[in-house]
Amino acid sequence: MDDRADDRGSGGRLEGEERVLRPDERDVPTGAAALAKGLYLLDVIGERDAPPRFKDLQAATGLPKGTLARLLNTLVLFRLIRHEESDSTYRLGHRFFELAHRVWESIDLRGAAGPVLDRLAEETRETVALCVIEGDEILYTDQRTRGGALGFRIEIGRRAPLHCTAGGKALLAFAAPHEQRALLDRIDLRSFTDSTITSEEALVADLALTRARGYAISLSEHVEGTSSVAAPIFDHTGRPVAAMGVFGPSARLSTDHLHTTGRDLMAATRQISGNVGAAPVNITSYQRPSRSIDDPVECVLPWGAHLAEGPVWSGRDGRLYWVDILAPSVNRFDPETRSNEERRMPRLVGAVSERRSGGLVAFTQDGLEGLDFETGTLTPLVDPEADIPENRFNDGKCDPLGRIWGGTMCLDASRATGALYRIDADRRWTSMSSGYMVANGLDWSPDGRTFYFVDSAAGHIYAFDFDMASGTLGPRRLFAKIPPSEGRPDGITVDREGCLWCAVWDGWAVRRYAPDGRLLRTVRLPVPRPTSVTLGGPDLKTLFVTSARVRLPSRMLAEAPFSGGIFALQVDVPGLPGNSYAG
């Protein structure tokens with residue numbers, strides 16, 4: 001999940017949301033009061049999470065109706081804002097994009113990145129460098145070294161390969177599809193060390209993983225004994241224009257250290273993007289809830305997964321299957337012995353389900369595949385989005401008749417290209433709904449007449465009338481909404497009473513909703529990013545909760561060290577038996 005805009009209605013800002021400060025008229029130069037009000041109005045429109053209507057702007061600014069109307073008309077006249085007739089909202093105008101292009105023509109990227117390079121070099125005590133793509137290589141344009149005699153030194157002006165350096169892979173991963181394809185066609189995937197990726201298939205899989213988690217890692221791929229991590233810097237259009245990386249001896253930069261540094265790098269490159277004109281990404285404050293953590297919650301597996309997801313209870317095995325999307329891996333947890341078996345996967349895996357014929361099926365970035373957990377072998381079955389390489393499956397579950405349903409999303413959650421699919425036992429597939437930013441949790445009511453589906457970006461849990469025999473959906477309606485200040489809905493499961501449990505990403509909690517959408521219970525957790533839930537155990541009364549540490553900076557992980565672990569809570573109402581894929 002990522003921080004996305006909500007579909008807010010009328011009214012002012014939500015509690016805890018960052019506010020645009022209104023200028024004090026005493027500080028405005030004589031004759032400039034109208035200009036100050038206009039600029040303030042631009043700030044209000046630009047900072048809103050959803051395009052505001054006239055009454056929203058009245059509530060947010062307190063301006064008289066006539067004054068507000070005159071200001072809006074003037075801003076529209078100068079193309080600084082535009083009025084959308086379809087929904088009567090106001091948005092920033094195209095003139096800003098024209099001006100932004102001129103700003104970028106004069107940007108000194110090295111100057112904007114310099115203070116961040118200095119800070120990161122001091123904090124990491126390693127070498128930090130800035131690079132851009134030059135031809136079919138990367139070119140280092142600036143660097144700071146604090147690694148001492150054992151540090152990795154990079155000369156400004158030095159060139160390096162794209163395919164085996166962290167900076168090169170970060171820029172390749174976020175390039176537009178046609179640009180990435182052109183670069184892959186040009187570069188020579190030559191081997192520099194035994195760890196260099198020389199297969200295009202393996203490199204493309206690594207680039208997808210990079211895009212999904214937000215940073216690239218090189219483990220002795222270019223220079224033996226040297227590891228690095230890098231994150232991209234974007235311009236105002238979302239195009240990667242440079243990458244910033246941390247380099248050092250592999251003995252000092254362990255894999256865990258690189259991932260922690262990668263998350264900090266993402267925050268740093270966001271800061272640079274803001275410095276050079278890109279719209280800053282909305283970053284949640286991640287404030288721990290004031291209420292204490294619920295006592296019955298226990299971390300039964302302190303695994304430290306990047307993005308643990310898709311918990312599935314196997315009554316057949318008496319085990320909990322779950323995935324770490326960004327490892328990537330499929331895991332099998334035994335709650336009796338507290339032991340976990342991990343199988344590393346060659347590509348992203350979003351969810352798994354049991355198969356009636358034995359074994360598992362897995363939703364991967366290549367569609368639905370059979371999975372032999374004992375060997376880790378994947379066997380392709382069907383790929384409904386073979387022509388959309390930038391998408392991946394994010395979650396999935398089987399219905400009682402053995403059809404499997406899955407939702408997709410863009411690798412970096414940057415566009416609403418996600419869809420919901422139904423795959424029948426004969427592997428024929430049907431697109432059931434589309435236009436989702438982060439298609440997520442799904443489940444059915446006990447009577448099979450209601451289907452629930454989450455769009456995390458919108459903060460919505462949807463409900464559809466469901467025809468079990470035909471596997472068709474009725475009109476979509478809103479079941480529950482979680483405002484951004486409280487987190488985002490993620491994975492869900494339905495219990496025997498028809499109540500829906502939901503993990504709340506960035507909400508430090510899971511929630512239980514009644515069949516009519518009323519919030520019945522909130523269970524506080526010691527981690528900010530619970531990801532999904534399922535009911536398991538011999539009596540199906542153990543609520544298992546997966547969690548993530550992806551994109552959490554080191555300061556947040558220090559406060560929530562069990563992030564990426566699996567939690568358990570005993571509940572009174574059991575869940576429903578799991579379903580298996582009939583294909």
Side-chain angles (χ1 to χ4, degrees), residues 2 94 96-121 127-144 154 156-184 186-187 207-208 210-218 228-247 261-283 390 410-415 551:
D2 282 312
H94 299 298
F96 278 106
F97 290 98
E98 297 169 7
L99 295 173
H101 279 289
R102 296 187 182 181
V103 171
W104 270 89
E105 290 173 0
S106 61
I107 282 298
D108 175 11
L109 186 58
R110 287 183 63 189
V116 181
L117 288 170
D118 289 331
R119 176 177 63 80
L120 285 175
T127 297
V128 186
L130 192 69
C131 67
V132 298
I133 291 181
E134 181 85 2
D136 56 2
E137 297 177 302
I138 57 169
L139 174 70
Y140 291 105
T141 60
D142 206 355
Q143 66 91 31
R144 304 287 190 276
I154 295 177
I156 297 175
R158 176 186 172 190
R159 295 173 182 272
L162 279 166
H163 69 289
C164 56
T165 56
K169 290 197 291 184
L171 290 168
L172 266 177
F174 286 89
H178 68 282
E179 294 176 341
Q180 184 185 97
R181 183 68 264 163
L183 287 167
L184 290 174
R186 289 205 311 266
I187 62 178
L207 295 178
T210 293
R211 186 155 186 163
R213 74 186 166 209
Y215 55 88
I217 283 178
S218 173
S228 56
V229 58
I233 299 170
F234 300 99
D235 67 10
H236 65 292
T237 68
R239 176 175 169 267
V241 293
M244 177 178 287
V246 174
F247 304 77
T261 304
R263 291 185 285 267
D264 291 339
L265 269 175
M266 289 178 63
T269 55
R270 285 176 177 179
Q271 178 185 348
I272 296 170
S273 294
N275 288 346
V276 297
V281 178
N282 180 34
I283 301 176
E390 287 192 290
C410 183
L411 282 168
D412 58 355
S414 60
R415 294 181 299 281
R551 302 189 181 185

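Numbers here simply count residues along the sequence, with the first being 1.
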- Run through Arg551, Arg213, Arg211 and flag the one making a salt bridge (Lys or Arg N to Asp or Glu O under 4.0 Å) with Asp412. Arg211
- Task: State the CD1-CE distance between Ile272 and Met244, to the nearest 0.5 angstrom.
- Result: 3.0 Å
- Message: Here's a test for you: under side chain to side chain contact (heavy atoms under 4.5 Å, CB included), which of Leu117, Val116, Asp118 qualifies with Leu120?
- Response: Val116
- Considering only heavy atoms from C-beta outward, does the side chain of Arg239 approach that of Val241 to under 4.5 Å? yes
- Item | Atom pair CG/CZ of Asp142 and Arg110 - distance to nearest 0.5 Å | 4.0 Å
- Message: Looking at every non-hydrogen atom in both residues, tell me the closest pair between Ala166 and Ala216 and how far apart they are.
- Response: O-CB, 3.4 Å
- Message: With a 4.5 Å cut-off on side-chain heavy atoms, are Pro240 and Leu171 touching?
- Response: yes
- Message: Tell me if a side-chain donor or acceptor on Ser218 pairs with a main-chain N or O of Cys164 at a distance below 3.5 Å.
- Response: yes
- Message: As an exercise, state the distance from NE2 of His178 to CG of Leu183, rounded to the nearest 0.5 Å.
- Response: 10.0 Å
- Do the non-hydrogen side-chain atoms of Ile233 and Leu130 ever get within less than 4.5 Å of each other? yes
- Closest approach of Ala242 to Val132 (non-hydrogen atoms, all atoms of both residues): CB-CG1, 3.9 Å
- Task: Kindly give the heavy-atom pair with the smallest separation between Ile138 and Gly168, and that separation in Å.
- Result: CG2-CA, 3.6 Å
- Item | Closest contact, heavy atoms only, Glu390 versus Pro177 | OE1-CG, 3.2 Å
- About how many Å separate CZ of Arg181 and CG of Leu172, when rounded to the nearest 0.5 Å? 10.5 Å
- Give, for atom OG1 of Thr261 and atom CZ of Phe247, the distance between the pair rounded to the nearest 0.5 Å. 12.5 Å
- Closest non-hydrogen atom pair, Ala160 against Glu137: O-CB, 3.3 Å
- Message: Any non-hydrogen side-chain atom of Leu265 less than 4.5 Å from a side-chain atom of Tyr215?
- Response: no
- Can you list the steps and then say if Gln271 with Arg119 is a side chain to side chain contact (heavy atoms under 4.5 Å, CB included)? CA-CA 12 Å; Gln271 178 185 348; Arg119 176 177 63 80; 3.6 Å; yes
- Item | Contact summary for Thr141 and Ile156, nearest pair of heavy atoms | O-CG2, 3.5 Å
